Amino acid sequence: MISSLTGTVQAVSLNTAVLNVNGFGMLVNATPGTLSTLHQGREATVHTSMVVREDSMTLFGFATTEERDVFEVLIGVSGIGPRTGLAILAVHTPEEVRIAANTKDTAAFTKVSGIGPKGASRIVLELNGKLVPTGAPVPSGSEAAGSASVWEPQVIEALTGLGWSEKDATATLKALSKADPDIVATGNVADILRAALRSMSSANRAR
């Protein structure tokens, strides 16, 4: 079982990255938050979980072991596949997942695309006792938002790592601040990156 990979980042896309590990290009699926930490041409380490099916072996990569551990518990829930587990961690931090599971907060899970009330109820039922809060601080809305100087360089670096120019990345974030101030106000790098990529992709299609 492959538990981590260290190598040179060969490519980064919206949902995946390729790490060159001793000459082998290893494809990993990851959340926007994890992908934002990977930059083409630089060395990186991702903590991985391998999901084996009859016809495939797929690697899922995470910036921390905590993310990976929570992911592996999530995909043990009936009806929750690896893609949905990844989607949950794209919306919530590992500690937020632990808190939601512990407090039976079904609303937190329905924020994830593809999870309805019934699915959320099943998740909190099956996670009972399996995920408990660690006591790690969870940023409040105001703390998470901070100033643009905190998140903007990270988002711009992630966008340039995906092949966009710094000029286009900066212009997109400026436009996003006007078009969707709520998402920008969160200060959540993964969410803002995802919104920026959607905006840039739509602009390209319109050209």
Side-chain angles (χ1 to χ4, degrees), residues 4-6 9 11-19 26-40 42-49 51 58-75 80-101 108-109 111-115 131 133-134 136-141 143-164 169 172-173 176 180 182-201:
S4 68
L5 292 173
T6 297
V9 179
V12 183
S13 67
L14 184 57
N15 301 304
T16 63
V18 177
L19 268 66
M26 308 294 286
L27 177 72
V28 294
N29 296 265
T31 64
T34 294
L35 292 169
S36 71
T37 68
L38 305 177
H39 307 289
Q40 193 168 351
R42 298 186 190 177
E43 186 172 282
T45 295
V46 292
H47 304 279
T48 56
S49 177
V51 176
T58 308
L59 279 172
F60 293 85
F62 305 91
T64 66
T65 55
E66 173 71 1
E67 284 182 304
R68 182 191 61 196
D69 294 346
V70 170
F71 170 80
E72 291 181 339
V73 173
L74 285 170
I75 62 176
I80 299 299
R83 302 292 178 185
T84 302
L86 206 64
I88 291 172
L89 287 169
V91 174
H92 299 295
T93 66
E95 187 68 7
E96 287 170 342
V97 174
R98 290 178 179 277
I99 292 171
F109 291 104
K111 292 179 181 178
V112 180
S113 177
I115 299 179
L131 287 176
T134 64
V138 177
S140 66
E143 291 172 328
S147 69
S149 62
V150 175
W151 58 260
E152 189 170 12
Q154 297 179 56
V155 176
I156 290 176
E157 188 173 6
L159 289 171
T160 54
L162 289 169
W164 303 97
T172 296
L173 292 184
L176 188 64
D180 197 347
D182 290 340
I183 193 71
V184 171
T186 67
N188 186 296
V189 173
D191 289 346
I192 296 171
L193 174 60
R194 189 162 46 241
L197 286 169
R198 282 198 301 266
S199 176
M200 296 174 96
S201 296

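Keep in mind that this is a model prediction, so the values were computed, not measured.
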The residue among Leu193, Ile192, Val184 that forms side-chain contact (heavy atoms from CB on, under 4.5 Å) with Leu173 is Ile192
Nearest heavy-atom approach of Leu159 to Ala169 is CD1-CB, 3.7 Å
Distance col, row Arg194:CZ vs Ile183:CD1, nearest 0.5 angstrom, shows 7.5 Å
Under the side-chain contact (heavy atoms from CB on, under 4.5 Å) rule, what do Leu19 and Leu27 come out as? Steps first, then yes or no, please.
-> CA-CA 7 Å; Leu19 268 66; Leu27 177 72; over 6 Å; no
Heavy-atom nearest pair, Ile80 first then Gly85, reads CG2-N, 4.0 Å
Separation between OG1 (Thr84) and CD1 (Ile75), nearest 0.5 Å, reads 11.0 Å
Value for CZ (Arg68) from OG (Ser49), rounded to nearest 0.5 Å, stands at 7.5 Å
What one should report as the nearest heavy-atom pair of Ala17 and Leu38 is CB-CD1, 3.7 Å
| said: Before you tell me yes or no, could you show the steps for Thr58 and Phe60 under side-chain contact (heavy atoms from CB on, under 4.5 Å), namely the whole-Å CA-CA distance, both residues' side-chain angles and the distance that decides it to 0.1 Å? | reply: CA-CA 7 Å; Thr58 308; Phe60 293 85; 3.6 Å; yes
Open item on the list: With a 4.5 Å cut-off on side-chain heavy atoms, are Glu66 and Thr93 touching?
Closed with: no
*asked:* Pair Val70, Leu89 - check side-chain contact (heavy atoms from CB on, under 4.5 Å), show working.
replied: CA-CA 9 Å; Val70 170; Leu89 287 169; 4.1 Å; yes
In terms of heavy-atom contacts, Ala100 and Phe109 come closest through CB-CE1, 3.7 Å
Is the backbone N or O of Ala63 less than 3.5 Å from a side-chain atom of Thr34, with the two atoms forming a donor-acceptor pair by type? yes
| task | Would you check if Pro94 and Phe71 make a side-chain contact, meaning some heavy-atom pair closer than 4.5 Å? | result | no
With no hydrogens and no angle check, is any side-chain donor or acceptor of His92 less than 3.5 Å from a backbone partner on Ala108? yes
Are any side-chain N or O atoms of Thr48 and backbone N or O atoms of Ser4, one a donor and one an acceptor, separated by less than 3.5 Å? yes
| Side chain to side chain, Trp164 and Ile156, heavy atoms closer than 4.5 Å | no
In this structure, CD of Glu96 is separated from CD1 of Ile88 (nearest 0.5 Å) by 12.5 Å
OG1 (Thr16) and CG (Leu35) are apart, to the nearest 0.5 Å, by 7.0 Å
Margin query: I'd like to check Asp180 versus Asp182 (side-chain heavy atoms, cut-off strictly below 4.5 Å). Are they in contact?
Written below: yes
Interatomic distance, CZ@Phe62 vs CG@Asp69, rounded to 0.5 Å, equals 9.5 Å
Side-chain touch Leu59/Leu5, heavy atoms, less than 4.5 angstrom:
yes
*Please step through side-chain contact (heavy atoms from CB on, under 4.5 Å) for the pair Thr134 and Arg98, ending with a clear verdict.*
CA-CA 8 Å; Thr134 64; Arg98 290 178 179 277; 3.8 Å; yes
